[in-house]
Amino acid sequence: MSSVPASEGQKMRDLIQYISEALVDRSEEVRVNVIEGENSIILELKVAGDDVGKVIGKGGQTAKALRKILSASATKLRKKALLQIVE
Amino acid sequence: MIDQRQPGDNLLGMTEITVSGNTFEEALTGGLKQLGVDQDLVDIEELSHAHEDVLPGAEPLPGVTLRLTVKTSLITSRAKDHLKHVLKLMGINAQIETLTRPHGTILNILAGDDGALIIGRNGQNLEALHHLIIRMTVGGCSRDTVLLHIDSECYREKQISRLEQMARHAADRVRRTKRECALKPMPPADRRLIHMLLKNVSGVHTISRGEESQRYVVVTPEMGEYGGGHRGQLKPKHGYSWRHTEGAPQKDASSSRDGAPPSPSETPDTSS
């Protein structure tokens, strides 16, 4: 794509995109929207209707794990990151 | 041949099962469901086209018997690729080494300064990473078939020795007092390890109780069908609960749930 170095939001987008694509059956339908603020980043994850359960997991375990990993990598950039799974 | 494994054997990680079904597909789907992995992760061997173990003279039953073997090394290498990629995207520079242990394969992350970040508080990040990598590698409905661990700077190795000590302690106590002993709630991997460790210890029996993240292991004295000792089930407590319940009669166990631990002075010497 462009030669601009990947922004912090972009890096997190790639992380969530990569993990989600491996988790779901229909990886081509994974979309991640980034809303970047000064101190925080909101990521909106959208997957195919049948795959929502895969990214949430039993009792929300997978979603919880996704958020853990996301906040760990956000800590490295001294930012707060929020993951929302949108229908 | 019918699969003769006991349900408890799952704890050791099934890598091979034998399944039968009326058709090839039926046997295969059933087997994959039992193992909890996708088809591309198993080797399929067709053992027989029909059930052979029928009574002489009886008409042979239609059916197919398959042996499914999980490709452990393939899973390991795939998991390693995923892990490498995820760490790179997290902005962490790390080496991954593969260690083989009797209780499974360990992917050890050597991350230097970022080691603490990977482990997280109480190993939470490590656990999350483990959960995700397993889901990513073996697909949706995995039933912890794969004995693959993710470790960083040998944090888990140390954790395992802590668990071993905890299990030994609890088993000793149960054998001495003939009363069951509840451990604190633990994640599945830790619970499995406790079950495995105490499986061949005579005089004790282990079961898991509770729901989801609050599931905990109970070590019970082994006496046939666990001797009607279910009147007052022990509740897990924070910390090592055998200290709190020491000496408490079983039917009162639930009343001592919160607050002062009963005095450890009188140790009952009667068995049931």
Side-chain angles (χ1 to χ4, degrees), chain A residues 1 5-27 29-30 32 34 36 41 43 45 47-83 85, chain B residues 36 38-41 75 78-94 109 111-144 150 152 185 187-189 210-215:
Chain A
M1 295 193 206
S7 73
E8 290 163 350
Q10 201 64 32
K11 280 185 204 158
M12 291 192 195
R13 199 198 76 96
D14 290 346
L15 175 68
I16 295 300
Q17 179 106 27
Y18 177 76
I19 298 176
S20 308
E21 277 181 10
L23 289 172
V24 301
D25 288 332
R26 287 153 73 181
S27 53
E29 286 194 39
V30 175
V32 185
V34 187
E36 209 163 338
I41 298 168
L43 294 155
L45 173 63
V47 296
D50 297 342
D51 284 334
V52 176
K54 293 242 170 59
V55 289
I56 294 175
K58 193 171 150 200
Q61 271 211 314
T62 309
K64 215 166 116 190
L66 270 170
R67 295 197 170 106
K68 267 263 138 64
I69 294 306
L70 182 66
S71 64
S73 59
T75 312
K76 231 178 127 52
L77 305 168
R78 300 187 189 287
K79 286 223 172 193
K80 292 249 186 276
L82 207 82
L83 176 70
I85 297 164
Chain B
D38 291 336
Q39 190 178 337
D40 55 340
L41 291 173
I75 292 176
R78 271 201 202 177
K80 197 172 173 179
D81 285 346
H82 278 312
L83 183 60
K84 225 181 262 175
H85 215 113
V86 168
L87 289 174
K88 206 179 117 200
L89 289 168
M90 285 174 78
I92 292 168
N93 249 326
I109 305 167
D113 290 346
D114 286 326
L117 186 67
I118 292 174
I119 294 166
R121 203 173 65 202
N122 287 330
Q124 284 180 348
N125 292 358
L126 214 50
E127 210 184 292
L129 211 50
H130 181 232
H131 178 89
L132 286 177
I133 297 290
I134 295 288
R135 287 307 117 122
M136 288 160 79
T137 319
V138 278
C141 56
S142 154
R143 278 201 59 238
D144 304 310
I150 291 176
S152 182
E211 292 296 320
E212 298 287 321
S213 62
Q214 290 303 304
R215 260 177 100 70

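In what follows, chains are A, B, ... by sequence order, proteins preceding strands, each numbered from 1. What you see is a predicted model; the values in this text were computed from it and never measured.
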Legend entry - Residues of residues 81-89 of chain B with any heavy atom under 4.5 Å of a heavy atom in chain A: D81(B), H82(B), H85(B), V86(B), L89(B)
Inset, instruction - Sort by residue number and list every member of residues 76-83 of chain A having a non-hydrogen atom under 4.5 Å from chain B. - result: K76(A)
Legend entry - Qualifying residues under side-chain contact (heavy atoms from CB on, under 4.5 Å), relative to Q61(A), sequence neighbours excluded: H131(B)
Inset, instruction - With rounding to the nearest 0.5 Å, note down the distance linking NZ in K11(A) to CE in M90(B). - result: 12.5 Å
Legend entry - L66(A), part contacting chain B, at a heavy-atom distance under 4.5 Å: both
Inset, instruction - Sort out for me which of L117(B), I118(B), I133(B) touches chain A most, counting heavy-atom pairs under 4.5 Å. - result: L117(B)
Inset, instruction - Let me know if K58(A) has heavy atoms under 4.5 Å from chain B in its side chain, its backbone, both or neither. - result: both
Inset, instruction - Hey, could you give me the OG1/CG distance between T75(A) and D114(B), rounded to the nearest 0.5 Å? - result: 11.0 Å
Inset, instruction - Can you sort out the partners of S152(B) under side chain to side chain donor-acceptor pair (under 3.5 Å), two or more places apart, ordered by chain and number? - result: none
Legend entry - NZ on K54(A) to CZ on R135(B), rounded to 0.5 Å: 11.0 Å
